[in-house]
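Shown next, in structure tokens, is the structure this report addresses.
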Amino acid sequence: MKPHIVVLTGAGISAESGIRTFRDSDGTWENYRIEEVATPAAWKKDKALVLEFYNQRRKQVLEANPNPAHLALVHLETAYNVSIVTQNVDDLHERAGSTSVLHLHGEIRKARSTVNPTEILEITGWQLNPGDTCSKGSQLRPHIVWFGEEVPALQTAAELVSTADMLLVIGTSLAVYPAAGLIYDTPPECQKILIDPNAPSVSPDFTIIKKQAGTGVPELVNQLLR
Ligand code: OAD
């Protein structure tokens with residue numbers, strides 16, 4: 001059986017694809033405060049603003065391409081059972097070719113019914129607008145986990161991490177819970193590696209590689225495949 005590598009990724013892995021990270025920009029996100037656009041209260045207050053904010057983010061994602069870090073993780077599948085658990089809402093892991101990707105915080109290229117959470121639709125193009133409705137006639141919302149909302153994929157992610165032979169953490173500040181807590185769900189013998197040029201503090205059993213993902217991930221993957 002192939003060894004199991006769980007890869008926990010954050011915004012940093014997509015930075016070199018041109019998608020800005022969240023906390024490298026002074027508490028704002030593309031000039032919005034997170035509470036203005038990424039909370040249930042924001043949605044209640046101004047749906048048009050929230051939809052337009054995510055339209056702009058979606059446009060950016062569609063213009064971006066996977067970088068060498070995303071591509072190297074696909075290569076890793078030749079010798080390992082690789083489970084990607086990502087906090088990112090972009091689809092760059094899938095477009096690179098990774099076969100097992102779990103999105104903790106939703107997927108920007110999908111919309112969800114506001115009355116039936118199991119009705120999830122692909123968005124064609126970059127826009128989701130006021131008046132776009134589900135099969136029951138209710139406004140569609142971005143398929144994103146907002147602050148203050150539950151993380152439905154958390155249990156599945158924790159189960160994956162609990163069977164990891166290696167945990168590889170890439171490009172995340174580990175500032176947002178419950179996702180950040182996943183690093184504590186590893187079995188005792190699991191090897192842990194973190195790749196981030198500005199690595200957050202973690203327990204001493206982590207090997208820290210202070211490099212950008214586009215360089216550090218292909219180097220590590222080459223080592224692991226040697
Ligand atoms: P953050 O913006 O908090 O952290 C990004 C991390 O990426 C930082 O630790 C940077 O040092 C690192 N970084 C920057 N450039 C990098 C590069 N080229 N290579 C590798 N690492 C690099 O992003 P997340 O930790 O992903 O949630 O944020 C977690 C969640 O907070 C997001 O999923 C999002 C956000 O609010 C929702 O939208 C629900």
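Owing to the predicted nature of the structure, the values given are computational and were not obtained by experimental measurement. Numbering of ligands and ligand atoms starts at 1, following listing order.
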With W126, which residues qualify under ring-ring contact (aromatic ring centres under 6.0 Å, His included), at least two apart? none
ring-ring contact (aromatic ring centres under 6.0 Å, His included) pairs, two or more places apart, involving residues 89-122: H70-H93
Judged by modelled atom types alone, do E159 and Q155 share a side-chain donor-acceptor pair under 3.5 Å? yes
At a 4.0 angstrom heavy-atom cut-off, what protein residues surround ligand 1? G10, A11, G12, A15, E16, T21, F22, R23, D24, Q87, H105, V145, F147, G171, T172, S173, V176, D196, P197, N198, Q212, A213
So, the side chain of N88 versus the backbone of G10: is there a donor-acceptor pair under 3.5 Å, distance only? yes
Considering residues at least two apart in sequence or located in another chain, which fulfil the ring-ring contact (aromatic ring centres under 6.0 Å, His included) criterion with F53? W29, Y32
Whether the side chain of N129 engages the backbone of D132 through a donor-acceptor N/O pair (distance < 3.5 Å, no angle test) should be reported. no
